[in-house]
*Asks:* 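Take this structure, written in structure tokens, and hold onto it; I'll ask about it next.
Note that this is a predicted model, so its numbers are computed, not measured.
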2 protein chains.
Amino acid sequence: MPKYADKADAGLPGDPALFKVMTEISIIANLADREFERRMPGGLTTAQFGVLNHLLRLKAQQTIGEIAGAMQVAQPTMSSTVKRLHEKGYVEFVPDTKDRRVKHVKVTRAGRAIRDKAVKTIEPGLAYLKEGTPGADWDKILKELTRLRIVLDAAG
Amino acid sequence: MPKYADKADAGLPGDPALFKVMTEISIIANLADREFERRMPGGLTTAQFGVLNHLLRLKAQQTIGEIAGAMQVAQPTMSSTVKRLHEKGYVEFVPDTKDRRVKHVKVTRAGRAIRDKAVKTIEPGLAYLKEGTPGADWDKILKELTRLRIVLDAAG
DNA sequence: CTTTATTATATAGATACCTATCTAATAGAT
DNA sequence: ATCTATTAGATAGGTATCTATATAATAAAG
């Protein structure tokens, strides 16, 4: 049951627009995670899907640290996510020949298969969202959100 | 150290705009939480601040279920957040005279004080973000994001 | 009235995320 | 060569979030 569908926005009248934007972003992030994970096969989470998708699109192996940087999360977070993918057999670890501290993460066949399945699961949902927001210029909104993210990131 | 500031967007070339938007939203939500919590007094989290702010702006007490609905999170999540606020002395529980199952959550003086401090802490950050994104029409973006959230919420 | 259904909140068990810290291995400096 | 600094990753402890379930109290039905 939707809880907010009858309200103009998630904020209160006095809030500045950007504050409301941040509130919406927080709610959307949570709702989207829930929707995706409800539909994703094999108990994949969005974090786990993100890693598989990232590596497969790059067509490359990466270290845990590199993946953490690319996904914009802390290294221990990525250690944990990769560990779960490993337990499920979706990635394997390739030792570095020159530096024994390093683990190269490689997607397995099973990992590729589950990711392809996940992509197919997501596509109709994305189409649904796009149809549900006619007239929205997502390319333009993307540009602004990217600018916002860069400023926010630089502030840290 | 920013990790993404040198990239056009957080997605990959083949991704549809709306997919990239969702990716940005996820990253922004995390970055914003971190920034705010780093600056907030008294170890307040964004979730905890959100509850105090919500109740104080409404100028009303609400039950845990009502707050959960308003903040768009599951009821056990709100039980947990409210519990932490109670441990810190920022809210108190007012028993319902007619229904002994119900807890009315009321912000204490200390809660109001910490929220006022938090608001003052946030304002410059918001101004910084706004200045860092000149020309962005946040009112318009808010409208689109709200539509997106409503569609997403209705899908659940 | 007693039994059943509903409702409000709490508890249990996961995952994701963080910061702080530890270990192991490599690199640098003297 | 040895001592120190840096780096990759793992571990510990904490909050937020979810779903599923338990508990308690009210409401509805018989």
Side-chain angles (χ1 to χ4, degrees), chain A residues 1 3 26-40 42-51 61-69 71-88 90-91 93-105 156, chain B residues 1 3 26-40 42-51 61-69 71-88 90-91 93-105 156:
Chain A
M1 311 89 198
K3 292 164 187 165
S26 172
I27 292 175
I28 290 170
N30 273 323
L31 288 177
D33 273 8
R34 245 183 291 166
E35 278 312 305
F36 282 8
E37 286 170 15
R38 182 181 303 172
R39 289 171 170 73
M40 275 196 192
L44 260 200
T45 64
T46 51
Q48 292 164 19
F49 167 76
V51 172
Q61 301 172 18
Q62 281 193 321
T63 68
I64 288 174
E66 286 170 342
I67 304 171
M71 310 291 290
Q72 198 77 332
V73 299
Q75 168 265 310
T77 301
M78 193 47 62
S79 279
S80 166
T81 299
V82 155
K83 186 180 169 191
R84 290 172 213 288
L85 284 170
H86 189 238
E87 286 164 358
K88 292 179 182 176
Y90 296 149
V91 301
F93 300 130
V94 180
D96 189 295
T97 49
K98 295 178 182 169
D99 187 339
R100 281 180 298 169
R101 292 171 302 180
V102 175
K103 267 182 179 175
H104 296 274
V105 181
Chain B
M1 311 90 191
K3 292 165 188 165
S26 172
I27 292 175
I28 290 170
N30 272 324
L31 288 177
D33 272 9
R34 246 182 290 166
E35 278 313 305
F36 282 8
E37 287 170 15
R38 182 180 305 171
R39 290 170 168 71
M40 277 197 191
L44 259 200
T45 64
T46 51
Q48 292 163 19
F49 167 75
V51 171
Q61 302 173 18
Q62 281 194 321
T63 68
I64 288 174
E66 286 169 343
I67 303 172
M71 309 292 289
Q72 198 76 334
V73 298
Q75 168 265 310
T77 301
M78 192 47 62
S79 278
S80 166
T81 299
V82 155
K83 187 180 169 191
R84 291 173 212 287
L85 285 169
H86 189 236
E87 286 164 359
K88 292 179 180 174
Y90 296 150
V91 300
F93 299 130
V94 179
D96 189 294
T97 49
K98 294 177 183 170
D99 186 340
R100 282 180 297 172
R101 292 170 302 180
V102 175
K103 267 181 178 176
H104 295 273
V105 181

*Asks:* CZ of B/Arg34 versus C1' of C/dA16: gap in Å, rounded?
*Replies:*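 After rounding, the reported distance stands at 12 Å.
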*Asks:* Rounded to the nearest 0.5 Å, what separates atom NZ in A/Lys103 from atom NE2 in A/His86?
*Replies:*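 Answer for the NZ-NE2 pair, A/Lys103 versus A/His86, is 7.5 Å.
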*Asks:* Just N and O in the side chain of A/Arg100: are any of them under 4.0 Å from OP1 or OP2 of C/dT26?
*Replies:*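 Yes, because at least one side-chain N or O of A/Arg100 sits under 4.0 Å from OP1 or OP2 of C/dT26.
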*Asks:* Kindly say if A/Lys98 contacts the phosphate of C/dA25, meaning a side-chain N or O under 4.0 Å from OP1 or OP2.
*Replies:*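 No, outside the criterion.
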*Asks:* Please round to the nearest 0.5 Å and tell me the distance separating atom CE of A/Met40 and atom CZ of A/Phe49.
*Replies:*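 The distance works out to 5.0 Å.
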*Asks:* Rounding to an integer number of Å, can you tell me how far A/Ile67 CD1 sits from C/dA16 P?
*Replies:*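 Nearest whole value for this atom pair: 14 Å.
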*Asks:* Does D/dA24 have OP1 or OP2 sitting under 4.0 Å from an N or O in the side chain of B/Arg101?
*Replies:*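 For D/dA24, neither OP1 nor OP2 has a side-chain N or O of B/Arg101 closer than 4.0 Å.
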*Asks:* Donor-acceptor check, side chain of B/Glu37 to backbone of B/Thr46, threshold 3.5 angstrom: yes or no?
*Replies:*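 Such a contact is found between B/Glu37 side chain and B/Thr46 backbone.
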*Asks:* Whole-Å distance between C/dA16 C1' and B/Asp33 CG?
*Replies:*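 Result: 12 Å.
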*Asks:* So does A/Glu35 pair up with A/Arg38, basic N to acidic O under 4.0 Å?
*Replies:*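 Salt bridge between A/Glu35 and A/Arg38, a charged N being under 4.0 Å from a carboxylate O: yes.
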*Asks:* Of the options C/dT26, C/dT15, C/dT19, whose atoms approach the side-chain atoms of B/Arg38 most closely?
*Replies:*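 The closest nucleotide is C/dT19.
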*Asks:* Quickly work out the B/Asn30 CG to C/dT15 P distance and round it to whole Å.
*Replies:*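 My rounded result for the distance is 18 Å.
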*Asks:* What is the separation between atom CD on A/Glu35 and atom P on D/dC18, rounded to the nearest whole Å?
*Replies:*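 Rounded to the whole Å, the gap is 12 Å.
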*Asks:* Give one of base, sugar-phosphate or nothing for B/Thr63, where a contact means two heavy atoms less than 4.0 Å apart.
*Replies:*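 Result for B/Thr63 = sugar-phosphate.
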*Asks:* Whole angstrom is fine here: how far is it from CD1 in A/Ile64 over to P in D/dT11?
*Replies:*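 Computing the A/Ile64:CD1 to D/dT11:P distance gives 11 Å.
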*Asks:* Between CD of A/Gln62 and CE of A/Met71, what distance do you get to the nearest 0.5 Å?
*Replies:*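 If I round to the nearest 0.5 Å, the distance is 10.0 Å.
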*Asks:* Please list, by residue number, the residues of residues 75-86 of chain A whose heavy atoms come closer than 4.0 Å to an atom of DNA chain C; answer none if no residue qualifies.
*Replies:*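 The stretch gives A/Pro76, A/Thr77, A/Thr81, A/Arg84 as the residues lying under 4.0 Å from the strand, ordered by number.
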*Asks:* Would you mind reading off the distance between A/Glu87 atom CD and C/dA16 atom P, rounded to a whole angstrom?
*Replies:*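 That distance rounds to 10 Å.
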*Asks:* Can you check the A/Glu37 CD to D/dA16 C1' distance for me, whole Å?
*Replies:*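 Going from A/Glu37 (CD) to D/dA16 (C1'), I get 13 Å.
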*Asks:* Looking at every non-hydrogen atom in both residues, tell me the closest pair between B/Ile67 and B/Met78 and how far apart they are.
*Replies:*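 The pair with the smallest heavy-atom distance is CG2-SD, 3.6 Å.
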*Asks:* OP1, OP2 of D/dT17 versus side-chain N and O of B/Gln72: anything below 4.0 Å?
*Replies:*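 B/Gln72 to D/dT17 OP1/OP2: no side-chain N or O under 4.0 Å.
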*Asks:* Could you pick out which residue, B/Phe93 or A/Thr46, lies toward the 5' side of DNA chain C when each is mapped onto its nearest nucleotide?
*Replies:*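 This one resolves to B/Phe93.
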*Asks:* Please tell me if A/Thr45 has a side-chain N or O lying less than 4.0 Å from either OP1 or OP2 of C/dT15.
*Replies:*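 False: A/Thr45 side-chain N/O out of range (4.0 Å or more) of C/dT15 OP1/OP2.
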*Asks:* If you check the B/Lys103 side chain, which of D/dA16, D/dG9, C/dT9 turns out closest?
*Replies:*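 Nearest nucleotide to the side chain: C/dT9.
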*Asks:* Say whether, by atom type as modelled, one donor and one acceptor occur between the side chain of A/Thr81 and the main chain of A/Thr77 under 3.5 angstrom.
*Replies:*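 A pair under 3.5 Å: yes.
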*Asks:* Given that A/Val102 and A/Ser26 both sit by DNA chain D, which one's nearest nucleotide is further toward the 5' end?
*Replies:*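 Residue closer to the 5' terminus by nearest nucleotide: A/Val102.
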*Asks:* Taking the nucleotide of DNA chain D with the nearest heavy atom to each, does B/Gln48 or B/Asp99 sit closer to the 5' end?
*Replies:*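 Result: B/Gln48.
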*Asks:* Return the CZ to CD1 distance between A/Arg101 and A/Ile64, rounded to the nearest 0.5 Å.
*Replies:*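 Nearest 0.5 Å value for the CZ-CD1 distance: 13.5 Å.
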